[in-house]
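Working notes for the structure below.
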Amino acid sequence: MRVLVLGGTGSIGSALVRELVCRGHQVFGLARSETAAAKLRQLAATPLSGDIGSPEAWIATLPEVDAAIHAACDFSTDMGTIDRRLLDRLLPTLAHQPHRPRFIYTGGCWLFGATGDGIATEETPFHPLPAFAWMVPQIRRVLASSEVAGIVVHPAMVYEAEGGVFQRFAREARSGETVRVVESEAVRWPLVHRGDIATLYALALEQAPAGSSYVGASIEGFSVDRIARAFARRFGKPDEAPLIVSSDAIATELGEWARGYALDQRLSGAKARHELGWAPKHLDPEAEIMRGR
Ligand SMILES: NC(=O)c1ccc[n+]([C@@H]2O[C@H](COP(=O)([O-])OP(=O)(O)OC[C@H]3O[C@@H](n4cnc5c(N)ncnc54)[C@H](OP(=O)(O)O)[C@@H]3O)[C@@H](O)[C@H]2O)c1
């Protein structure tokens with residue numbers, strides 16, 4: 001398929017571009033800078049110059065595609081407005097493609113709120129983190145769209161050994177600081193390795209029916225205390241407990257969206273496993289942290 005990827009240089013998007021290219025798809029990636037364009041070329045994708053904040057500047061020049069995948073976000077206070085304006089332009093434009101394209105929209109685990117011991121699935125009503133509440137109407141719009149065959153993927157917390165949501169833990173432990181966790185060491189995060197979430201997007205692209213959603217969680221809920229202690233161990237402090245910081249403090253440091261780090265959640269990826277044959281390979285994050293890869 002000819003696939004347009006928005007956010008193809010990001011944590012999720014760069015793994016996704018690599019996976020799509022490996023599977024023989026032809027990938028076009030939106031790039032807002034020469035650095036992003038170079039990264040896309042390195043991944044064997046064709047860069048298209050453009051910014052999600054100004055779709056009018058590039059939308060008319062899109063190549064013919066069979067599908068588009070949206071995994072771009074700038075995490076600014078304007079991200080909801082930017083995303084609404086983007087879909088207002090992008091979906092009608094895609095509707096003029098020769099064949100109704102497939103369109104995968106990225107939701108996320110933080111739309112399901114704190115689940116405690118419950119396990120959220122695609123059927124669970126949304127209870128979004130306020131900073132991401134704008135995503136809910138966007139998701140409804142994509143799933144009901146007549147312009148595109150809309151599909152939604154909800155990634156869990158996306159990690160790799162020292163990257164993604166583990167990046168801050170690795171940085172703090174490596175520089176000798178005590179690794180911080182937000183609100184409580186009892187918080188659990190649903191996890192997925194970036195390679196595995198990339199495979200889920202590819203399977204959804206190739207097989208998912210229009211109007212379907214998939215939760216991309218390979219581990220339902222993993223203790224942040226264990227993650228923080230694994231990093232402390234790896235960098236020479238085997239007995240160090242994490243430092244608890246408040247969600248107010250992390251929101252001041254990173255933005256309101258970062259309050260999501262305090263959500264105690266469990267999510268199930270069973271639907272993707274059963275319907276799409278998704279078989280995540282990375283199921284032992286502590287071992288990956290200790291190996292560093
Ligand atoms: N990572 C997770 O754990 C996770 C979990 C659930 C949901 N999600 C959702 O997944 C999406 C992607 O997350 P991510 O972690 O992959 O983010 P990320 O690593 O920060 O990547 C963001 C991507 O968006 C691009 N981008 C940002 N602003 C842009 C603009 N104005 N114009 C064009 N491109 C722009 C970035 O390009 P540049 O290279 O130019 O910066 C990059 O490719 C977000 O909606 C996020 O909420 C992520």
Side-chain angles (χ1 to χ4, degrees), residues 4-18 27-43 45 47-59 68-87 89-90 104-112 120 128-129 131-136 138-139 142 152-160 163-169 189-198 200-201 213-219 222 224 227 254-261 263 265 267 269 285:
L4 168 68
V5 176
L6 311 182
T9 53
S11 172
I12 294 175
S14 57
L16 170 62
V17 169
R18 187 174 292 115
V27 180
F28 302 88
L30 193 73
R32 61 171 162 166
S33 65
E34 187 41 48
T35 310
K39 197 166 171 186
L40 288 166
R41 277 188 215 101
Q42 217 168 38
L43 293 167
L48 307 173
S49 181
D51 191 301
I52 54 168
S54 46
E56 57 289 344
W58 49 269
I59 212 117
I69 302 180
H70 177 18
C73 184
D74 71 355
F75 299 92
S76 70
T77 48
D78 286 341
M79 60 183 162
T81 310
I82 291 171
D83 206 69
R84 268 191 299 278
R85 290 186 60 245
L86 174 68
L87 290 203
R89 300 285 180 124
L90 184 57
I104 303 186
Y105 185 81
T106 301
C109 49
W110 291 350
L111 300 180
F112 296 94
L129 191 77
F132 282 103
W134 55 267
M135 265 190 182
V136 172
Q138 297 289 80
I139 285 168
V142 166
V152 173
V153 171
H154 292 291
M157 305 291 277
V158 181
Y159 79 93
E160 60 183 331
V165 295
F166 288 176
Q167 194 170 26
R168 178 178 57 79
F169 294 71
W189 288 352
L191 290 178
V192 65
H193 189 277
R194 63 199 290 267
D196 286 327
I197 196 70
L200 173 53
Y201 275 86
S213 301
Y214 296 92
V215 166
S218 51
I219 297 170
F222 198 89
V224 292
I227 299 168
L254 299 174
E256 279 301 305
W257 61 266
R259 291 183 189 278
Y261 292 137
L263 292 178
Q265 295 194 298
L267 259 69

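When a ligand or atom number is given, it counts from 1 through the structure's own listing order.
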Between [X] and ligand 1, which residue portion shows a heavy-atom distance shorter than 4.0 Å: side chain, backbone, both, or neither?
X: Cys73; answer: both
X: Ser14; answer: neither
X: Met157; answer: backbone
X: Phe132; answer: side chain

Identify the protein heavy atom lying closest to [atom], giving its residue, its atom name and the separation to 0.1 Å.
atom: atom 48 (C) of ligand 1; value: Ile12 CD1, 3.6 Å
atom: atom 5 (C) of ligand 1; value: Ala156 O, 3.1 Å
atom: atom 12 (C) of ligand 1; value: Ala71 O, 3.3 Å
atom: atom 9 (C) of ligand 1; value: Thr106 CG2, 3.7 Å
atom: atom 6 (C) of ligand 1; value: Pro155 O, 3.2 Å
atom: atom 31 (N) of ligand 1; value: Asp51 OD1, 2.8 Å
atom: atom 7 (C) of ligand 1; value: Gly107 O, 3.3 Å
atom: atom 21 (O) of ligand 1; value: Gly10 CA, 3.2 Å

Interfacing atoms of ligand 1 (cut-off 4.0 Å, heavy-atom, [X]):
X: Gly108; value: 6 (C), 7 (C)
X: Val165; value: 3 (O)
X: Ala72; value: 24 (O)

- request: To the nearest 0.5 Å, tell me how far Leu40 CG sits from Leu48 CG.
  value: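 CG of Leu48 is found 8.5 Å from CG of Leu40.
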Quick check: [X] and ligand 1, any N/O pair under 3.5 Å apart?
X: Met135; value: no
X: Phe75; value: no
X: Val158; value: yes
X: Arg32; value: yes

Output yes when a side-chain donor or acceptor of [X] lies under 3.5 Å from a complementary backbone atom of [Y], and no otherwise.
X: Gln138; Y: Asp83; result: yes
X: Ser49; Y: Leu30; result: no
X: Ser14; Y: Gly8; result: no
X: Gln265; Y: Cys109; result: yes
X: Arg194; Y: Val158; result: no
X: Trp58; Y: Asp51; result: yes

Heavy-atom check, side chain of Met157 versus side chain of Phe166, under 4.5 Å: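 The answer is no; the side chains never approach within 4.5 Å.
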message: Tell me if the centroids of the rings in Trp189 and Phe169 come within less than 6.0 Å of each other.
response: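 Yes: the rings meet the under 6.0 Å criterion.
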- request: Step through it carefully: locate the ring centre of Tyr214, locate the ring centre of His154, and say whether they are under 6.0 Å apart.
  value: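 Ring centroids of Tyr214 and His154 are no less than 6.0 Å from each other.
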message: According to side-chain hydrogen bond (donor to acceptor under 3.5 Å, both in side chains), who are the partners of Asp78, at least two apart in sequence or on a separate chain?
response: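 Here no residue qualifies.
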query: Are side-chain N/O atoms of Arg85 and Ser54 paired as donor and acceptor at under 3.5 Å?
result: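 Ser54 and Arg85 do not have a side-chain donor-acceptor pair below 3.5 Å.
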- prompt: Of Ser11, Gly216, Cys109, Ala131, which has the heavy atom at the shortest distance from atom 14 (P) of ligand 1?
  reply: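 Selected option, by shortest heavy-atom distance: Ser11.
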- request: Could you name the option among Thr9, Ile52, Ile82, Val153 that has the heavy atom nearest to atom 39 (O) of ligand 1?
  value: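 When every heavy atom of Thr9, Ile52, Ile82, Val153 is considered, Thr9 comes closest to atom 39 (O) of ligand 1.
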Counterpart residues, ring pair (Phe, Tyr, Trp, His ring centres under 6.0 Å), relative to Tyr201 (two or more places apart):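 In terms of ring pair (Phe, Tyr, Trp, His ring centres under 6.0 Å), with neighbours along the sequence ignored, Tyr201 is linked to no residue.
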field: Ala31 to ligand 1, any heavy atom closer than 4.0 Å
entry: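 Checking ligand 1 against Ala31, which is what was asked, there is no heavy-atom contact under 4.0 Å.
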message: Just to check, does Gly164 reach to within less than 4.0 Å of ligand 1 when the distance is taken from its heavy atoms?
response: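 The answer is no: ligand 1 sits nowhere under 4.0 Å from a heavy atom of Gly164.
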- prompt: Should the pair Glu34-Arg41 be classified as a salt bridge under the 4.0 Å nitrogen-to-oxygen rule?
  reply: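 Between Arg41 and Glu34 there is a salt bridge, with a charged N closer than 4.0 Å to a carboxylate O.
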